[in-house]
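Have a look at the structure below before the remarks.
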Amino acid sequence: MKITILTLFPEMFVGPFNYSIIKRAQKNNLVNIEIINIRDFGLGRHSVVDDRPYGGGKGMLLRVDVLERAINEIKEKNNSYGTQRIVLMDPDGSTFNQSKAKYYSNINHLILICGHYEGVDERIKAFIDEEISIGDFITTGGEIPAIIITDAVIRLVKDVLKDGVTDEESFSLMNNDEIKLEQPQYTRPEVFKEMHVPSILLSGNHKNIQNWKKLSQKTKKA
Ligand SMILES: C[S@@+](CC[C@H](N)C(=O)[O-])C[C@H]1O[C@@H](n2cnc3c(N)ncnc32)[C@H](O)[C@@H]1O
């Protein structure tokens with residue numbers, strides 16, 4: 001799988017993408033992450049990427065012509081990859097969740113666009129597949145949302161984690177549109193400040209333990 005991220009701040013991705021599972025997935029060639037600076041497609045001597053909103057208002061908007069040029073070049077360069085999906089980070093978009101992460105993990109080439117400043121010229125919507133929000137709040141730019149989405153997607157890419165590991169995680173879909181939440185878990189010490197690990201988990205009775213785990217899982221509607 002390839003993930004291309006279009007951003008004005010490529011340095012923001014250095015830390016999060018160089019640790020743990022994301023780092024290992026790249027090293028094992030399971031995911032190829034490409035960070036592209038939108039400014040490389042900027043206009044004129046000063047590589048302009050933004051401008052003031054028509055009709056007035058605070059802040060600057062990313063220009064649609066600059067982004068369209070970037071999208072076209074990236075799409076063309078990668079057209080041998082297979083399925084492509086272009087996603088704009090946008091607080092007005094549909095909310096990201098685990099089933100969306102699962103869906104993206106099966107796309108061959110995911111292109112994430114990070115807005116910044118006041119946002120992006122509305123006409124960008126003609127050149128993308130969908131807008132995604134990470135929740136009902138505003139972040140300074142699309143970089144942190146893109147990092148969150150990339151992380152959630154990569155752990156679901158085939159062979160990144162051991163088979164079956166993510167099936168047990170919270171938010172994996174069950175039948176009847178229900179979402180499963182993982183049961184409580186414990187490790188040493190057995191007693192901490194008079195709080196005991198449930199005795200059944202120490203019983204060694206595998207069948208009873210599995211039953212307890214099942215009964216302790218909460219669910220909620222998808
Ligand atoms: C400061 S925000 C712009 C907010 C916009 N003026 C508004 O009121 O909806 C700049 C950029 O951050 C990103 N962003 C902010 N909040 C987000 C969220 N909840 N989910 C996804 N992206 C977000 C988007 O790319 C957005 O274009």
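Read the numbers this way: they start at 1 and go in the same order the structure lists the ligands and their atoms. All values below come from the heavy atoms of this structure, side chains included, with hydrogens, waters and symmetry mates left out.
- Inclusion of Ile134 in the set of residues having an N or O under 3.5 Å from an N or O of ligand 1 is warranted.
- Ranking the protein heavy atoms by distance from atom 14 (N) of ligand 1 puts Thr139 OG1, 3.4 Å first.
- Of all protein heavy atoms, the one lying nearest to atom 24 (C) of ligand 1 is Met89 O, 3.1 Å.
- For the pair Arg63/Arg69, no side-chain contact is recorded, criterion being any heavy-atom separation below 4.5 Å from C-beta on.
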Next item on the list: Carefully, step by step, assess His109 and Thr83 under the rule side chain to side chain donor-acceptor pair (under 3.5 Å).
Entry: CA-CA 6 Å; His109 184 207; Thr83 49; over 6 Å; no

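- Checking Pro53, Pro91, Pro145 against atom 9 (O) of ligand 1, the nearest heavy atom belongs to Pro91.
- Close contacts between ligand 1 and Tyr117 involve ligand atoms 1 (C), 2 (S), 3 (C), 10 (C) [criterion: under 4.0 Å to a heavy atom].
- For ligand 1, the polar-atom distance check finds no N/O of Asp92 at less than 3.5 Å from any of the ligand's N/O atoms.
- The backbone of Thr140, and not its side chain, has at least one atom closer than 4.0 Å to an atom of ligand 1 (non-hydrogen atoms only; backbone = N, CA, C, O).
- Of the heavy atoms in Ile132, only backbone atoms (N, CA, C, O) come closer than 4.0 Å to ligand 1.
- On a distance-only criterion, Ile113 and ligand 1 share no N/O pair closer than 3.5 Å.
- For Asp90, every heavy-atom contact with ligand 1 shorter than 4.0 Å involves the backbone, none the side chain.
- Between Thr140 and His116, the closest side-chain pair of non-hydrogen atoms falls below 4.5 Å.
- Numbered from 1 in the order shown, with element, the atoms of ligand 1 that lie under 4.0 Å from a heavy atom of Gly119 read 27 (O).
- Atoms of ligand 1 lying under 4.0 Å from any heavy atom of Gly142, numbered from 1 in the order shown and given with element: 12 (O), 13 (C), 25 (O).
- Cluster annotation: Phe127 is connected to Ile132 through the hydrophobic network of ILVMFWY side chains, with a link wherever side-chain heavy atoms come within less than 4.5 Å.
- Using cut-offs of 30° and 60° for the angle between ring planes, the Phe96 and Tyr104 rings count as parallel.
- Salt bridge present: Lys77 and Glu73 bring a charged side-chain N and a carboxylate O closer than 4.0 Å.
- Considering only non-hydrogen atoms, atom 7 (C) of ligand 1 lies nearest to Ile138 out of Ile124, Ile138, Ile148.
- The neighbour count for Gln183 CD, taken as heavy atoms of other residues, nucleotides or ligands under 6.0 Å away, is above 12.
- Of all protein heavy atoms, the one lying nearest to atom 19 (N) of ligand 1 is Phe137 O, 2.8 Å.
- By the 4.0 Å N-to-carboxylate-O rule, Glu178 lies too far from Lys220 to be salt-bridged with it.
- Among all protein heavy atoms, the one lying closest to atom 6 (N) of ligand 1 is Glu118 O, 2.8 Å.
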Margin query: side chain to side chain donor-acceptor pair (under 3.5 Å) for Lys2 and Asn108? Distances and angles first, verdict last.
Written below: CA-CA 6 Å; Lys2 178 165 181 173; Asn108 301 115; over 6 Å; no

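- Side-chain contact annotation: Asn72 with Glu68, donor-acceptor N/O pair under 3.5 Å present.
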